[in-house]
Amino acid sequence: MNFIGRIFFTSRLIMKVYDFLEIEKKWQQYWDEHKTFKVPDETSKPKYYVLDMFPYPSGAGLHVGHPEGYTATDIICRYKRMKGFNVLHPMGWDAFGLPAERYAMRTGTHPRVTTQKNIDNFRRQIKSLGFSYDWDREIDTTDPGYYKWTQWIFLQLFKKGLAYLHESPVNFCPTCRTVLANEEVYSGRCDQGHEVIRKPMRQWMLRITAYADRLMNDLDEVDWPESIKKLQRDWIGRSEGAEVDFLISPDDQIRAWGKGCEVEAWKSNRRTSKWPESPESYTLRIYTTRPDTLYGATYMVLSPEHPLVEKIVTPERRQAVLDYCAQARNKSDLERTELSKEKTGEFTGAYAVNPVNGKPIPIWVADYVLISYGTGAIMAVPAHDQRDWEFATKFNLPIIQVIEGGEIGSQAYEGDGRLINSESPVSTSINGLNVSDAKKKITAWLEEHGIGKTAVKYKLRDWLFSRQRYWGEPFPILFDEQGNPTPVDESELPVALPELADFQPAKTGESPLANAEDWLIVKRDGRTYRRDTNTMPQWAGSCWYYLRYLDPKNNNAAWDPAEEKYWMPVDLYVGGAEHAVLHLLYARFWHKVLFDLGLVSTKEPFKKLFNQGMILSFAYKDSRGAYVNFNDIDFSGDKPKSKTTGEVLVESIEKMSKSLGNVINPDDVVAEYGADTLRLYEMAMGPLQATKPWNTRDLSGVHRFLHRVWRMIIDVDSGELHSSIQDVEPGEDELRLLHKTIKKVGDDIEGMNFNTAISAMIIFVNEMLNKPVKSKSTMEKFVQILSPFAPHISEELWRKLGHTDTLAYEAWPKYDQALAEDASVEVPVQVNGKVRSRLVVPADVDEETLKQLALADERVKESIGDKQVRKVIIAKRRLVNLVIG
RNA sequence: GCCGAAGUGGCGGAAUUGGCAGACGCGCGGGAUUCAAAAUCCCGUUCUGGCAACAGAGUGUGGGUUCGAUUCCCACCUUCGGCACCA
């Protein structure tokens, strides 16, 4: 270091500039030691429960996306505390999951060890940002003291008949050796990108479909973004239509079952017996949303898995049909999706009789009909359903138009219109009606004759709840020698994960738990049982964690009902939109079950939901299209260049990802700029819900703001309060600015418009910074409103202003509406919509005065010239527009 | 293909019920301070023309409603997110 440099270095030490590293360390320690944010045990104050979606503690550590939502909720919490609320703001870990298990399979390190390490790192990182969590309520889904209660809730589901075993083809990833729910398969691949196949297995299912209606209807009661509600409604996918029975033609019946039933005899029998719960063996039940098109049905389709296929197929078609079904069964989801453009199918040789006109129509089998929806069988109306139209066109099946409109030659017509070709001596006529009336009339006829019934169906399927993994909650279930499930006694909970040395799945395809022999076999009352070797999916722990926070250390119950009554529902839930459907739907489902059991007092768990947007990052590609890591880029010139080749790189905006080399680590940002700057920057970037790019360059803007805040209050030479700050009444300008800022910041926090709140505070500081006299009370109030955003610097300044206690519980400053408005306003005067002059007038000026002032203005007069003023439009305090002509 | 969100300066973004487009920040240009630099401060910064006063254009595109449209209506284009044969 040269002489000059040494002087500079020394002067920096002497100057008391904003030293964020020291300040942040000091206050984080203070909050920790004083347990500043421990929720007080009192119920007299109004409560406010703010929940962050708890993270999966990955090995990669915190991502700048995490603190975005956490900062927003922290601002709200700190604000609400100052507003007199008793605030619950907890944090925890959704810590079961595959990465730790994969790591264990590779290295033999127990997932608990990896998980603990990652949690410690996440906690350190989160704490370094100064969030006001009550750390005494920290939870961890992998803690036996936690998953004991996850298992307990499962037992309640089981006892209520909402959990059942089901053997069916499931989505299986051979690489991960695990089963996936439908919604965990994306275009035929698992989340690791491996191809998923279908495999029959005995699995736990949760009967979420029993709650479909309530999950749909109760969305009306919550304050969620409409787009998220719509996603959930579409996912539940309620549709109204009719089930209709078609008699399989007598010849085909005789072949399949050795007896025949005449159409008219069947119909007459149905008329008296009415609609049966399940159809006779020789009847094909279909579901349709378009019973009005019944006369246009020209063929039937069974899904390849439909049990009737095998029964009705004719000997000459048998080989082809069974081959087709086998092929469909073995197809992975990927193949099914990829081949979806071209329709395939086989004719079974059998016929069904259309109940409304007695005509026989061929029964086909095709994989465009899904076994899991409706009845797994349809009537095909090619004239009015595009999928049926494509199929009929390919296989030369007849197309009968029954609704006027469209161009049936080129595509199906799915719109409304007048019914045609729809009458028959054996039933009723719906000719001439519109679609909706035709539906009503034909459904009434079907119901009267016991042949059909209105029906409601959902896209929502029951929830596949088993995984063949180690690192999850074991099922508290024992199987007897016959394979019947018996619940473990509640007193034996938790069923803890056994210690294992090897985490590879069992050779049978079962989870690694099947290898834990000592654990696996248990004796009860002299009988031998085998434990369930499955574990629960990662969603299980997150389905109820918001309830455990209420009473996290309770060993006798999942939570205390009194705590639940006081705190629930969650007032504000903030997290990423990627959980819009699954997590939120599953948690709502469990919550409703708990509600029915009388264990919670609200129908819905999350009153208000807010989705933060994703933070993207710039990425740089060279001419070959390869991404270049930030570390290898020279940003010093006007264009980014590769450090190695000097080549100018092409910029794009992408998701942050290791492979693109564009990940921002919050630790680096905190070290260079401090937590307060990071918090402020994340909030100043733009609206919370928007997707927006990270730009490290922009950090300096808010960082400089904090430096100015510091210099506004502190004399950097002495480190003490600046001499301009005096114990005096503020002047009018200062008072107006202060009240305006208090109002704006408070309103913006309530509306979650943090970016504009910050901008208002910047304006305040820019205005006040160099004032020779500043009222101490003004400075104190400013520090208070700044504190939710930048709590460390605010606590430090609060102390410098002479206070000895934390400012976290100081009352939020009040504003006077009259002072929050400007005394005079500048009103633009337009002539034919163009601004020609501006008037400075008192804010309460009346319209007539304003009009006269405008007309008297020299520049306005000039613009009007000799033209006539036809109309004067006055928007009070906003504008005057003179229409001339 | 269907559904949803969004298109505003060089960049992130701001704009009450339809009422001054571009707040605030970044970047950039100029200046002060400095032997010099960093930091800091001041001024300017939508585009076009002009020394300037000022004039004209301007919120994805094209229309419409209105005294007045970033805002409301219609059609289209682009980007991002979700779903994907659900009968």
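Scope of the values below: all heavy atoms of this structure, side chains included, with no hydrogens, waters or symmetry mates. Each chain gets a letter, A, B and so on, in the order its sequence line appears, and its residues count up from 1.
- Relative orientation of the A:His579 and A:His583 rings is perpendicular, given thresholds of 30° and 60° on the angle between their planes.
- If A:Gln830 and A:Ala684 are placed on RNA chain B by their nearest nucleotide, the residue sitting closer to the 5' end is A:Ala684.
- OP1 and OP2 of B:rU16 both lie 4.0 Å or more from every side-chain N or O belonging to A:Arg877.
- Remark: A:Lys692 is not in phosphate contact with B:rG25, judged by side-chain N or O atoms under 4.0 Å from OP1 or OP2.
- On a pure distance criterion of 3.5 Å, a polar donor-acceptor pair joins the side chain of A:Arg878 and the base of B:rU16.
- With 3.5 Å as the limit, one finds no donor-acceptor pair spanning the side chains of A:Tyr295 and A:Asn354.
- Taking the side chain of A:Val883 as heavy atoms from C-beta on, and the options B:rC67, B:rC85, B:rC26, the nearest nucleotide is B:rC67.
- When heavy atoms are screened at a 4.0 angstrom cut-off, A:Arg836 is found touching the sugar-phosphate backbone but no base atom.
- With contacts defined as side-chain heavy-atom distances shorter than 4.5 Å, the pair A:Pro382/A:Leu397 does not qualify.
- Contact annotation for A:Lys229: no contact, since no heavy-atom pair falls under 4.0 Å across all strands.
- Here the nucleotide nearest the side chain of A:Lys871, chosen from B:rA87, B:rC41, B:rC67, is B:rC67.
- At a cut-off of 3.5 Å, with distance as the only test, a side-chain donor of A:Ser372 or A:Arg461 sits close to an acceptor on the other residue.
- Each of B:rC83, B:rC26, B:rG25 was ranked by its minimum atom distance to the side chain of A:Arg708; first place goes to B:rG25.
- When each of B:rC83, B:rG19, B:rA55 is scored by its nearest atom to the side-chain atoms of A:Leu879, the top-ranked nucleotide is B:rG19.
- Looking only at atom types and distance, the side chain of A:Tyr287 has a donor-acceptor partner in the side chain of A:Ser239 under 3.5 Å away.
- Checking B:rG25, B:rU40, B:rC67 against every side-chain atom of A:Arg711, the shortest atom distance belongs to B:rU40.
- Between A:Tyr673 and A:Phe20, the distance separating the two ring centers is not shorter than 6.0 angstrom.
- Taking side-chain N and O atoms only, A:Arg859 has no distance below 4.0 Å to OP1 or OP2 of B:rA53.
- Relative to the side chain of A:Asn766, the nucleotides B:rG4, B:rC24, B:rG19 differ in distance, and B:rC24 lies closest.
- Heavy atoms of A:Ser239 sit under 4.0 angstrom from primed sugar atoms or phosphate atoms, though from no base atom.
- Taking side-chain N and O atoms only, A:Asn755 has a distance below 4.0 Å to OP1 or OP2 of B:rA14.
- Taking the six-membered ring where the residue is Trp, the centroids of A:Trp224 and A:Phe610 are separated by 6.0 Å or more.
- Within the 4.0 angstrom heavy-atom criterion, base atoms lie near A:Glu826.
- Picking from B:rG82, B:rG56, B:rA87 the nucleotide with the shortest atom distance to the side chain of A:Leu231 gives B:rG82.
- In the set B:rC85, B:rG56, B:rC24, the nucleotide with an atom closest to the side chain of A:Ile763 is B:rC24.
- Across B:rG12, B:rC67, B:rA87, the shortest atom-to-atom separation from the side chain of A:Asn881 is found for B:rC67.
- When each of B:rA87, B:rG82, B:rG19 is scored by its nearest atom to the side-chain atoms of A:Ala875, the top-ranked nucleotide is B:rG19.
- Looking at RNA chain B, the stems built from 3 or more consecutive Watson-Crick or G-U wobble pairs, each pair with its key distances under 3.5 Å, are B:1-7 with B:77-83, B:10-12 with B:24-26, B:27-32 with B:40-45, B:46-49 with B:54-57, B:60-64 with B:72-76.
- The side chain of A:Arg870 places no N or O atom within less than 4.0 Å of a non-bridging phosphate oxygen (OP1 or OP2) of B:rC67.
- A:Phe391 and A:Tyr299 have their aromatic ring centers within a separation under 6.0 angstrom.
- At the heavy-atom level, A:Asp385 lies nowhere under 4.0 Å from the strands shown.
- Contact annotation for A:Lys459: base contact, defined as any heavy-atom pair under 4.0 Å involving a base atom.
- More than 90° away from 0 lies the glycosidic angle of B:rG7, which makes this nucleotide anti.
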